[in-house]
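Worksheet for the structure shown next.
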Amino acid sequence: MMARIPRCRRVETYPTITSFKPAGMPRSCLERIGLLVEELEAIRLKDHLGLEQEECAQKMQVSRPTFQRILMEARSKIADALINGKELQIEGGDYCLGTGPCRRQARRAERSISCPYAHEPGDGFEEENGGEVTMSNKIAICSTGDQPSSILDGRFGRCSYFLIWDPQTGKYESLANKGSQMNQGAGTGVAQDLLNKGVKTIIASRIGPKAFAVLKRAGAAIYTCGEDLDAANALKIFQDGGLELLKEANN
């Protein structure tokens, strides 16, 4: 039985600078310390903005004791890095970006209700203590190129690239689509490749019935989007709830 995934902590924005190290020291010689994104947010609210602890906790949507634990852990890591000359790497954590309802939790709930395979063994969902259904949150976007600024390519099975965004790190990974060179069966092979990488959400304009069935059986959700946007803007629209969830194949 798996432990319950921690509740998301609210973070206003993902940091633009994610690494600090002693000047003149090569990274190969340094020990690295990982500072979680929500730990940096606690430092920003309390130590940089000077807010009261209760207000900080409210902004992060956690209890005061939880905020205190996050803050003390962050301060301890920063002190260790400064005193002992270690590299500080900001990455990972259990957080939700922006304001409004937690989009991560809402998407989990939406998919668990809409997926007809939600309670079948091996479908990509996992039961926690208390029965809540959870899954990976990686998002794959069909793209013409390997950069977030690349224009969308809505053909799921034959797009040039997939840009895979990981909300745990806020970073993209580009994956060249081998299916673009295949005569047939491209969609199902690509679908399995994405599932193997932990993708559970796909943004595409068109998807065939076989690939759609593979993804849905694994508990993935497919959202439709026009092809006149770049990948970064499509992701933002998705995060704001502006994309339509596909109920069936459309190609």
Side-chain angles (χ1 to χ4, degrees), residues 1-23 25 27 30-112 126-139 165-172 201 232 235-242:
M1 184 175 293
M2 295 182 63
R4 180 177 294 278
I5 293 178
R7 180 181 178 183
C8 293
R9 289 79 184 265
R10 183 71 59 183
V11 171
E12 185 172 315
T13 58
Y14 192 83
T16 56
I17 299 173
T18 58
S19 180
F20 297 86
K21 73 177 187 68
M25 294 289 292
R27 283 190 167 86
L30 294 174
E31 182 179 343
R32 178 178 295 182
I33 297 177
L35 185 70
L36 301 179
V37 174
E38 63 262 33
E39 292 172 344
L40 179 67
E41 179 73 353
I43 291 290
R44 185 184 74 86
L45 294 173
K46 181 61 180 174
D47 296 336
H48 180 61
L49 298 183
L51 303 180
E52 295 296 328
Q53 184 165 311
E54 183 174 357
E55 186 176 1
C56 295
Q58 290 174 351
K59 284 184 175 294
M60 291 189 67
Q61 297 185 9
V62 297
S63 67
R64 289 184 63 183
T66 296
F67 177 81
Q68 180 68 14
R69 288 196 298 271
I70 297 171
L71 180 65
M72 295 307 295
E73 183 66 21
R75 287 173 173 173
S76 175
K77 290 179 178 179
I78 292 172
D80 187 11
L82 292 177
I83 293 170
N84 297 311
K86 300 178 181 179
E87 180 182 1
L88 197 64
Q89 184 73 36
I90 303 167
E91 60 185 0
D94 291 288
Y95 62 92
C96 187
L97 293 174
T99 59
C102 177
R103 289 186 290 268
R104 292 180 65 197
Q105 299 291 350
R107 289 199 295 273
R108 287 187 186 122
E110 179 186 59
R111 292 171 199 159
S112 66
E126 295 175 326
E127 288 287 336
E128 298 179 337
N129 295 332
E132 181 184 355
V133 179
T134 62
M135 66 185 79
S136 169
N137 288 305
K138 287 186 179 180
I139 301 168
W165 187 75
D166 188 347
Q168 296 292 334
T169 63
K171 296 179 180 179
Y172 289 90
T201 300
L235 176 62
K236 184 177 186 304
I237 293 172
F238 167 77
Q239 291 174 321
D240 292 337

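Everything quoted here is computed from the prediction, not taken from an experiment.
Two residues are said to be in side-chain contact when any heavy atoms from C-beta on lie closer than 4.5 Å; D80 and K86 meet this criterion. Annotation: side chain of R69 is in contact with side chain of P65 (closest heavy-atom distance under 4.5 Å). At least one side-chain heavy atom of K46 sits less than 4.5 Å from a side-chain heavy atom of F67. Residues Y172 and D166 are not in side-chain contact: their nearest non-hydrogen atoms beyond the backbone lie 4.5 Å or more apart. Side-chain contact check for Q89 versus T18: some heavy-atom pair is nearer than 4.5 Å.
Interatomic distance, CD1 of I33 versus CD of E31, reported as 6.5 Å (0.5 Å rounding). Taking CG of L40 as the reference point, atom CD1 of I90 lies at 4.5 Å (rounded to 0.5 Å). With values rounded to the nearest 0.5 angstrom, L49 atom CG is found 11.5 Å from I43 atom CD1. Of the inter-residue distances, the one linking L71 atom CG with L45 atom CG reads 9.5 Å to the nearest 0.5 angstrom. Note: L88 CG to I78 CD1 = 6.0 Å, rounded to the nearest 0.5 Å. Taking OH from Y14 and CD from E91, the interatomic distance works out to 7.0 Å, rounded to the nearest 0.5 Å.
With sequence neighbours left out, the side chain to side chain donor-acceptor pair (under 3.5 Å) criterion links E87 to S19, R27. With sequence neighbours excluded, the residues that form a salt bridge (Lys or Arg N to Asp or Glu O under 4.0 Å) with K77 are E39. Considering only residues two or more places apart in sequence or on other chains, K171 meets the side chain to side chain donor-acceptor pair (under 3.5 Å) condition with none of them. The side chain to side chain donor-acceptor pair (under 3.5 Å) test applied to R32 returns no partner, not counting sequence neighbours. Judged as a side chain to side chain donor-acceptor pair (under 3.5 Å), and not counting sequence neighbours, the contacts of R75 are D47.
Of the charged side-chain nitrogens involved, at least one lies within less than 4.0 Å of a carboxylate oxygen, so that R44 and E12 count as a salt-bridged pair.
Between R10 and E41 the shortest heavy-atom distance is O-CG, 4.0 Å. The heavy-atom pair separating G85 from L30 by the smallest distance is O-CD2, 3.4 Å. The minimum heavy-atom distance between I70 and R9, with the atom names listed, is CD1-NH1, 3.6 Å.
The backbone N or O of G242 lies less than 3.5 Å from no partner atom in the side chain of D240, so there is not a single donor-acceptor pair.
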Would T201 and F238 count as a side-chain contact (heavy atoms from CB on, under 4.5 Å) here? Give the steps. CA-CA 10 Å; T201 300; F238 167 77; 3.7 Å; yes
Which pairs would a plain distance check flag for residues 50-58, meaning a side-chain donor or acceptor within less than 3.5 Å of a matching protein atom at least two apart in sequence or in another chain?
| from | atom 1 | to | atom 2 | distance (Å) |
| --- | --- | --- | --- | --- |
| Q53 | NE2 | Q68 | OE1 | 3.3 |

